[in-house]
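Take a look at the structure set out below.
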Amino acid sequence: MAVALAAATLPTVVEELLSEMAAAVRESARIPDEHLLSLKFVFGSSALQALDLVDRQSITLISSPSGRHVYQVLGSSGKTYTCLASCHYCSCPAFAFSVLRKNDSLLCKHLLAVYLSQVTRTCQQLSVSDKQLTDMLLMEKKQEA
């Protein structure tokens, strides 16, 4: 259910693939090879990179008492990126360039890793106060400037 909500802005084929993967994980606790091949076909090398991030447990769901939540992904470079799955956004340069500017990718590896961590239910969880969440987001904004 969280996958369908998070993937609402994605193309139907991606939404269906994530939904099928989630069902397979619920049934057998693993992603079938045919779904992995489909993932690689749709996302190319980003699929393998995203799966690596999931395997390394690099995704953290940060929630606040008001119900706000963001994902933070520790990238392969060691930098942490903020992802908003509800609006299909990542703070990494690859998202800005390849997804938004060139429009040659559907997702960056960080956002795909968020969706895959939802499918596999392997996301780390962290609860913070509303002020802490705001401070985290503002600090990231300052680092980008």
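- There is no path of hydrophobic side-chain contacts, each under 4.5 Å, that joins Leu37 to Val14.
- Note: Tyr81 and His110 have tilted aromatic rings, judged against thresholds of 30 and 60 degrees for the angle between ring planes.
- When hydrophobic clusters are built by joining Ile, Leu, Val, Met, Phe, Trp and Tyr residues whose side-chain heavy atoms come closer than 4.5 Å, directly or via intermediates, Leu111 is not grouped with Leu48.
- A donor-acceptor distance shorter than 3.5 angstrom exists from the side chain of Ser117 to the backbone of Val114, with no hydrogens or angles considered.
- The neighbour count for Arg68 CZ, taken as heavy atoms of other residues, nucleotides or ligands under 6.0 Å away, does not exceed 12.
- Separating the CD atom in Gln125 from the CG atom in Leu61 is a distance of 5.0 Å, to the nearest 0.5 Å.
- The distance from the CE atom of Met21 to the CG atom of Leu36 is 6.0 Å, given to the nearest 0.5 Å.
- Note that the CD1 atom of Ile31 and the OG atom of Ser38 stand 11.5 Å from one another [nearest 0.5 Å].
- In terms of modelled atom types and a separation under 3.5 Å, the side chain of Glu16 and the main chain of Val13 share no donor-acceptor contact.
- For Asp130, there are no salt bridge (charged side-chain N to carboxylate O under 4.0 Å, His left out) partners, not counting sequence neighbours.
- In this structure, the side chain of Ser91 engages the main chain of Thr82 through a donor-acceptor pair within 3.5 Å.
- Using a 4.5 Å cut-off on side-chain heavy atoms (C-beta onward), Arg121 and Val25 make no contact.
- With His88 contributing its side chain and Leu106 its backbone, the two residues share a donor-acceptor pair below 3.5 Å.
- What you find for Leu116 and Ala50 is that their closest heavy atoms are CD1-CB, 4.0 Å.
- If you take SG on Cys90 and CG on Leu100, they are separated by 10.0 Å, rounding to the nearest 0.5 Å.
- Both Tyr115 and Phe41 are assigned to one and the same hydrophobic cluster, defined by single-linkage of ILVMFWY side chains at heavy-atom distances under 4.5 Å.
- By the rule that hydrophobic residues join a cluster once side-chain heavy atoms approach within less than 4.5 Å of another member, Leu84 and Ile59 end up as members of one cluster.
- With no hydrogens or angles considered, a side-chain donor-acceptor pair links Ser76 and Lys109 at under 3.5 Å.
- For Tyr71, the side chain to side chain donor-acceptor pair (under 3.5 Å) test picks out Gln118, with sequence neighbours left out.
- Put simply, CG on Leu133 and OG on Ser66 are 7.5 Å apart, with the number rounded to the nearest 0.5 Å.
- The shortest heavy-atom contact between Ala113 and Val54 is O-CG2, 3.5 Å.
- Between the side chain of Ser105 and the main chain of Cys108, no donor-acceptor pair closer than 3.5 Å is present.
- Going from atom CD of Gln124 over to atom CG of Leu74 covers 11.0 Å, rounded to the nearest 0.5 Å.
- Between the side chains of Arg30 and Ser28, not a single donor N or O lies within less than 3.5 Å of an accepting N or O.
- Closest heavy-atom contact between Cys83 and Val73: SG-CG2, 4.0 Å.
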